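Just so you know, these numbers come straight off a predicted model, no measurement behind them.
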Amino acid sequence: MTPGVTPSTIARLRLAAQWIRPALLKASTIPTPGPVDVVRSLTALQGQDFPGALWSIGLRSPGRTRTDVTAAFNRGELVRSCPLRGTLHVTVAEDLGWILSLTAGRMLQGQATRHPQLGITTSDLEHVRGLALTLLEQSGGKTTREALLAAFEQAGQGTKAQRGYHFLFLLCLKQTLVQGPVNPDGNGNTQFYVSSQDWIKNPRTLERDEALAELALRYFRSHGPATIKDFQWWSKLTIKDINAGLAQARAGLETIECNGSSYFMAPETAELLGGASGKSVQRRAVPPGARSVLLLPGFDEYLLGYTDRSAALAPEHAHLTVPGNNGMFKATVVVGGRVAGTWRKAQGAAEKQSQLSGVVLPELFGVLSPAQSKALENSAQAYKRYLT
């Protein structure tokens with residue numbers, strides 16, 4: 001195991017592993033990944049901000065547009081649900097069930113005190129389940145969040161004080177509902193709810209040990225270099241389950257050390273350090289990516305995929321990226337793997353203020369070099385092409 005790898009090296013390796021800069025990897029990975037390839041690689045990507053999640057997929061699918069990404073949802077290839085940490089994530093449709101088989105039980109346990117406070121009983125849940133399925137049958141197989149909540153209210157199931165939110169959350173955990181096709185009436189920023197059973201045509205079924213191994217392998221391959229603590233935060237699995245999965249997956253991973261901690265990653269990611277042998281990297285090199293300037297959406301897996309984000313986010317910039325530490329992540333400008341500013345999409349009159357293709361308004365933490373400024377403009381152009 002090679003000592004002394006720096007956090008900046010960890011950050012740039014993650015740019016490659018997450019396919020944010022897929023050209024850095026060897027040809028063993030998919031040369032021109034599409035939206036489904038991207039999501040399958042990441043296994044699950046943070047999705048509470050749907051437009052941001054679409055860009056997370058788009059930026060990893062060079063040459064694909066927003067329309068290309070939403071088409072994958074409309075075809076039933078990608079879905080959005082709550083498979084991890086009680087938060088919306090995007091998954092490949094066929095993967096959702098086996099991930100929930102590992103995680104849903106612990107999420108339900110975590111709500112054991114909250115649901116009595118909201119007056120939610122087992123019979124209430126069965127009631128709203130029947131209401132949801134009836135509404136879907138009457139509306140051609142898809143419906144909106146607003147229509148579901150209205151149906152619950154009309155039937156005497158109150159939805160105020162987050163009761164309605166928890167009903168929908170539980171129906172997703174129980175695999176009754178899933179968010180599928182994009183709703184054009186919501187400017188493409190919302191989805192219809194559909195029946196999981198009807199919408200997901202070919203769900204994969206894995207034995208528990210097999211599922212634990214696959215989740216561990218796919219996390220470290222797509223998010224590595226990452227630690228066991230990172231995986232525990234991301235998955236919320238028990239250490240016992242993590243160890244069981246990693247024991248099976250470890251033969252397909254490489255390891256490296258940084259600041260006394262062991263990091264696991266895919267062999268092709270490790271090759272960016274100059275080569276690998278056995279289970280640990282033998283030669284060190286500085287991975288490429290130091291000159292890259294990227295526009296990442298808020299809640300992107302590049303930051304949200306780890307409990308320790310210090311490799312990419314300096315402590316003095318944390319409050320600028322997550323104001324008030326309230327869990328709301330701004331979109332970030334990432335320079336050489338490090339967060340160097342935030343940005344937002346220019347809309348309306350703000351488009352005239354933007355010097356970046358008329359679509360991006362950056363707020364940088366410092367001054368960029370001329371070369372970095374040019375790279376930022378190129379990223380803005382890529383975002384503009386994606387939006388068309």
Tell me yes or no: between the side chains of R114 and Q117, is some donor less than 3.5 Å from an acceptor? yes
_Would you say CD of E210 has more than 12 non-hydrogen atoms from neighbouring residues, nucleotides or ligands within 6.0 angstrom?_
yes
- For side-chain hydrogen bond (donor to acceptor under 3.5 Å, both in side chains), just list the numbers for Q157 and D124, CA-CA rounded to whole Å, side-chain angles, deciding distance to a tenth of an Å, and then say yes or no. CA-CA 8 Å; Q157 291 288 354; D124 290 330; 3.1 Å; yes
Q: Determine, stepwise, if the pair L148 / L168 fulfils side-chain contact (heavy atoms from CB on, under 4.5 Å).
A: CA-CA 9 Å; L148 283 165; L168 295 177; 3.8 Å; yes
ask   = Any side-chain donor paired with an acceptor under 3.5 Å for Q48 and Q46?
value = yes
When rounded to the nearest 0.5 Å, the distance separating OG1 of T159 from CG of L118 is 11.5 Å
Tightest non-hydrogen contact, residues T91 and A44, listed as CG2-CB, 3.9 Å
Q) Is the F73 ring parallel, tilted or perpendicular to the F50 ring (thresholds 30°, 60°)? A) perpendicular
Criterion side-chain contact (heavy atoms from CB on, under 4.5 Å) on F264 and H223, from CA distance to verdict
CA-CA 9 Å; F264 300 89; H223 289 71; over 6 Å; no
For this session: Answer yes or no: is there a side-chain heavy-atom contact under 4.5 Å between T321 and L303?
Result: yes
Mark yes when over 12 heavy atoms from residues, nucleotides or ligands other than E363 sit less than 6.0 Å from its CD; otherwise mark no.
-> no
hydrophobic_cluster_shared for L54 and V36, side chain cutoff 4.5 Å:
yes
>> Counting neighbours of CD on E316 that are heavy atoms of other residues, nucleotides or ligands and sit closer than 6.0 Å, is the number greater than 12?
In response: yes
Task: Side-chain touch Y193/R145, heavy atoms, less than 4.5 angstrom - done: yes
Inset, instruction - Would you indicate whether the side-chain heavy atoms of V92 and L78 approach each other to under 4.5 Å? - result: yes
Side-chain H-bond candidate by donor/acceptor type, T67 with T70, under 3.5 Å:
no
- Message: Is any side-chain heavy atom of I20 closer than 4.5 Å to one of D300?
- Response: yes
Any chain of hydrophobic side-chain contacts (each under 4.5 Å) joining Y302 to Y383? yes
According to a hydrophobic-cluster definition based on side-chain heavy atoms being under 4.5 Å apart (Ile, Leu, Val, Met, Phe, Trp, Tyr only), do V128 and V178 belong together?
yes
* Asked: Do M265 and I256 come close enough that some side-chain heavy atom pair is under 4.5 Å?
  -> yes
Item checked: Neighbour count >12 (heavy atoms, 6.0 Å) for atom CD, Q197 -> no
Is the ring pair Y219/W234 parallel, tilted or perpendicular, if the boundaries are 30 and 60 degrees? tilted
Rounded to the nearest 0.5 angstrom, the CD-CG distance for E146 and L149 is 7.0 Å
Correct closest heavy-atom pair for I10 and A311 would be CG2-CB, 4.2 Å
Margin query: Can you confirm whether T9 sits close enough to L273 that some side-chain heavy atom of one is under 4.5 Å from a side-chain heavy atom of the other?
Written below: yes
Query raised in the report: Does T342 reach the side chain of L364, with side-chain heavy atoms less than 4.5 Å apart?
Result: no
Stacked cation flag R85 on W233, 6.0 angstrom / 45 deg
yes
Hey, is the main chain of D37 close enough, under 3.5 Å, to the side chain of S41 for a donor-acceptor pair?
no
**Item:** Polar contact flag, side-chain donor to acceptor under 3.5 angstrom, N259-S261
**Value:** no
message = Hydrophobic clusters here meaning ILVMFWY residues chained together by side-chain heavy-atom distances under 4.5 Å, can you tell me if V182 and L177 are in one?
response = no
Checklist entry - Taking 4.0 angstrom as the limit, do E94 and K201 come out as a salt bridge? => result no
d(Q179 CD, C82 SG) to nearest 0.5 Å is 7.5 Å
Value for CG (N243) from CZ (R250), rounded to nearest 0.5 Å, stands at 9.0 Å
Minimal heavy-atom distance between G34 and R64, with the atoms involved, is CA-NH2, 3.5 Å
Tightest non-hydrogen contact, residues P116 and A112, listed as CD-O, 3.0 Å
task = Applying side-chain contact (heavy atoms from CB on, under 4.5 Å), run through V90 and L42 and close with a yes or a no.
result = CA-CA 10 Å; V90 177; L42 288 170; over 6 Å; no
Here the gap from L294 atom CG to L376 atom CG, rounded to the nearest 0.5 Å, amounts to 9.5 Å
side-chain contact (heavy atoms from CB on, under 4.5 Å) filter on S101, not counting sequence neighbours, yields W98
What one should report as the nearest heavy-atom pair of V359 and A380 is CG2-O, 3.8 Å
- Going by the angle between their ring planes, with limits at 30° and 60°, are F152 and F167 parallel, tilted or perpendicular? perpendicular
Check your understanding: L253 and R221: side-chain contact (heavy atoms from CB on, under 4.5 Å), yes or no, with the steps?
Key -> CA-CA 7 Å; L253 300 170; R221 283 188 58 83; 4.0 Å; yes
Between L215 and S235, the two heavy atoms sitting closest are CD2-CB, 4.3 Å
Please check this pair: side chain of T134 against backbone of L131, looking for a donor-acceptor N/O pair closer than 3.5 Å.
no
Going hydrophobic residue to hydrophobic residue with side-chain gaps under 4.5 angstrom, can you get from L84 over to L100? no
Contacts satisfying salt bridge (charged side-chain N to carboxylate O under 4.0 Å, His left out) that involve residues 229-241 (not counting sequence neighbours) are R14-D230, R208-D241
Output for pair (T87 OG1, L304 CG), nearest 0.5 Å, gives 9.0 Å
(Q) Quick one, Q18 and E301 - any side-chain contact, counting heavy atoms below 4.5 Å? (A) yes
Electrostatic pair D95-R40, nearest N-O below 4.0 angstrom
no
